[in-house]
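Counting starts at 1 for both ligands and their atoms, in listed order. Because only heavy atoms are used, hydrogens play no part in the values below, and waters and symmetry mates are left out as well, while side chains stay in.
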Amino acid sequence: MMNIDYIHGYSTEEQQRLIQQAEYWKDDLILRNINYNSGESFLEIGCGAGGVLGIMGTAFPGLKLSGIDLEAKQINYATQYLKQLGLAAELKIGDASTLPWSDNSFNHVYMIWFLEHLCNPLGIVQEAFRVLKPGGTITIAETDYRTIVISPESEDYRYLQQGLCELLIQSGGNPYIGQSLGNFLTQSGFKKVNNKALAFHYFSRKAPKKVASFIDYASYWLTPTLPQIVENAKKDLESLQAGLNDFNSIKNNPNGAITAVIYRGTGIK
Ligand SMILES: C[S@@+](CC[C@H](N)C(=O)[O-])C[C@H]1O[C@@H](n2cnc3c(N)ncnc32)[C@H](O)[C@@H]1O
């Protein structure tokens with residue numbers, strides 16, 4: 001089922017951003033505790049530009065890659081991108097709520113930065129269950145946008161954060177979905193379900209480069225949402241801009257710090 005408006009869009013710049021985002025989270029999140037075997041099959045649902053598929057295919061040679069995305073532009077980009085990496089993949093344009101694969105098809109299913117945009121996340125986790133083989137694994141990573149907090153505290157940044165959450169809700173998504181992953185997985189029939197809240201915290205006196213790279217990474221996707229927050233969540237542009245400036249200024253502040261919680265739900269069919 002398609003949501004009303006996908007907030008990040010499908011420009012080439014956005015596709016490149018998705019590739020960079022996957023690289024940014026590669027070791028700390030995407031490959032964390034993952035160990036797939038050669039010959040096993042892997043499906044990424046909502047694969048976008050192919051960044052995560054590229055990481056998996058490179059880290060686990062012999063993994064049979066599949067991906068699906070609703071948008072043809074993403075699949076076209078992913079096809080070229082994976083080809084450049086020398087990776088073979090079965091990529092399909094299609095809707096996650098009616099996956100074009102038969103029951104018990106895959107050893108592993110993965111979703112990341114995806115369910116937050118959708119209005120029927122439980123139905124999609126149930127579809128993932130259907131296409132997994134018995135004993136197959138699922139991994140889902142999503143954040144909770146309330147948890148991306150900065151120090152020094154900024155009222156304007158809080159305003160921006162609230163606006164972003166409202167925008168995601170209005171576009172049919174859920175900015176707090178990370179907390180629901182464990183319940184969705186259990187409701188869908190998965191066993192050995194876990195949902196770990198992974199906290200990422202960086203402070204300037206110890207790791208100024210980590211602070212700066214997190215701010216740059218987040219600012220890159222946050223900045224283009226400002227006009228949409230004004231239009232759809234009826235917020236004031238000047239205050240949003242002030243919030244963004246406070247957010248960006250953390251990287252030049254010797255007493256700056258940033259924290260974000262990302263949830264990682266796992267289970268076995
Ligand atoms: C933020 S991107 C994430 C892409 C990828 N997981 C990554 O980390 O780079 C979300 C993707 O979900 C896709 N999408 C949205 N609704 C979908 C649906 N119902 N079925 C399949 N894909 C969908 C969008 O086209 C977009 O490419």
Side-chain angles (χ1 to χ4, degrees), residues 1-32 34 42-59 65-82 85 87 89-101 108-128 130-131 138-145 164 167-168 171-175 177-178 181 184 217-218 220-222 224-225 228 260 262-265:
M1 188 183 300
M2 192 166 190
N3 56 338
I4 303 157
D5 257 322
Y6 171 54
I7 69 165
H8 300 301
Y10 301 105
S11 63
T12 308
E13 198 178 54
E14 167 59 14
Q15 290 166 327
Q16 286 162 353
R17 181 192 76 79
L18 288 175
I19 302 293
Q20 284 170 23
Q21 174 170 258
E23 280 302 314
Y24 178 87
W25 288 108
K26 180 174 148 189
D27 296 319
D28 288 346
L29 182 66
I30 293 174
L31 291 174
R32 190 178 179 127
I34 294 284
F42 170 92
L43 170 66
E44 189 193 1
I45 306 178
C47 65
V52 172
L53 285 166
I55 285 172
M56 291 301 179
T58 307
L65 304 174
S66 296
I68 185 163
D69 199 283
L70 193 58
E71 175 58 46
K73 283 183 195 155
Q74 305 288 67
I75 292 298
N76 291 342
Y77 190 99
T79 303
Q80 290 308 316
Y81 176 67
L82 295 173
L85 296 181
L87 295 171
E90 173 199 37
L91 298 176
K92 295 192 181 187
I93 301 163
D95 188 343
S97 57
T98 50
L99 292 172
W101 284 280
H108 307 289
V109 167
Y110 206 96
M111 299 181 229
I112 180 166
W113 321 124
F114 173 57
L115 293 178
E116 65 184 18
H117 296 291
L118 301 179
C119 55
N120 62 336
L122 176 60
I124 287 163
V125 178
Q126 288 166 338
E127 262 298 89
R130 182 183 69 74
V131 300
I138 188 164
T139 304
I140 313 177
E142 296 289 343
T143 194
D144 178 332
Y145 287 87
L164 177 68
L167 174 66
L168 267 157
S171 67
N174 177 355
I177 200 157
L181 300 180
F184 286 158
Y217 150 70
Y220 196 42
W221 54 257
L222 193 53
T225 65
Q228 296 179 66
I262 296 171
Y263 290 85
R264 198 157 187 274

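- Inclusion of I112 in the set of residues having an N or O under 3.5 Å from an N or O of ligand 1 is warranted.
- Within ligand 1, counting atoms from 1 as listed, the ones closer than 4.0 Å to a heavy atom of H117 are 1 (C).
- The backbone N or O of G48 lies less than 3.5 Å from a partner atom in the side chain of D69, making a donor-acceptor pair.
- Counting only heavy atoms from C-beta outward, the side chains of L53 and L91 approach each other to under 4.5 Å.
- E142 places none of its side-chain heavy atoms less than 4.5 Å from the side chain of I112.
- The side-chain hydrogen bond (donor to acceptor under 3.5 Å, both in side chains) test with R17 singles out one residue from Q15, Q21, Q20, and that residue is Q21.
- For L122, the side chain to side chain contact (heavy atoms under 4.5 Å, CB included) partners two or more places apart in sequence, or in a different chain, are Q126, F184, Q187, S188.
- Counting heavy atoms under 4.0 Å from ligand 1, residue V52 touches it through the side chain alone.
- Among D69, I75, L115, the residue whose heavy atom sits closest to atom 13 (C) of ligand 1 is D69.
- Looking at A22 against ligand 1, nothing comes within 4.0 Å, counting heavy atoms.
- Set against the non-hydrogen atoms of G48, the atoms of ligand 1 under 4.0 Å away are 4 (C), 27 (O).
- Proximity of a side-chain donor or acceptor of T225 to a complementary backbone N or O of Q228 within less than 3.5 Å is not detected.
- Note: an N/O pair closer than 3.5 Å links Q74 and ligand 1 by distance alone.
- Of the possible polar contacts, none joining the R264 side chain to the T139 backbone as a donor-acceptor pair under 3.5 Å is found.
- Within the 4.0 Å heavy-atom criterion, the part of L118 lying near ligand 1 is the side chain and not the backbone.
- For G46, a nitrogen or oxygen atom sits less than 3.5 Å from a nitrogen or oxygen atom of ligand 1, counting backbone and side chain alike.
- Remark: ligand 1 atoms within the under-4.0 Å shell around heavy atoms of D95 are 18 (C), 19 (N), 20 (N).
- Listed by atom number, the atoms of ligand 1 under 4.0 Å from G94 heavy atoms are 20 (N), 21 (C).
- Evaluated by nearest non-hydrogen atom to atom 23 (C) of ligand 1, the leading choice among Y77, F114, W25 is F114.
- Interface atoms of ligand 1 facing W113, defined by a heavy-atom separation under 4.0 Å, are 1 (C), 2 (S), 3 (C), 8 (O), 10 (C).
- Panel note: side chain R32, backbone W25; no donor-acceptor pair is recorded below 3.5 Å.
- Considering backbone and side-chain N/O of E71, none are found under 3.5 Å from N/O of ligand 1.
- Considering backbone and side-chain atoms alike, C47 places every N or O at 3.5 Å or more from each N or O of ligand 1.
- The closest non-hydrogen atom to atom 6 (N) of ligand 1, taken over Q15, Q20, E44, comes from E44.
- Between atom CZ of residue F42 and atom CD of residue E90 there is a gap of 13.0 Å, rounded to the nearest 0.5 Å.
- Between W221 and the choices Y145, W113, Y24, the ring-ring contact (aromatic ring centres under 6.0 Å, His included) rule is met once, by Y145.
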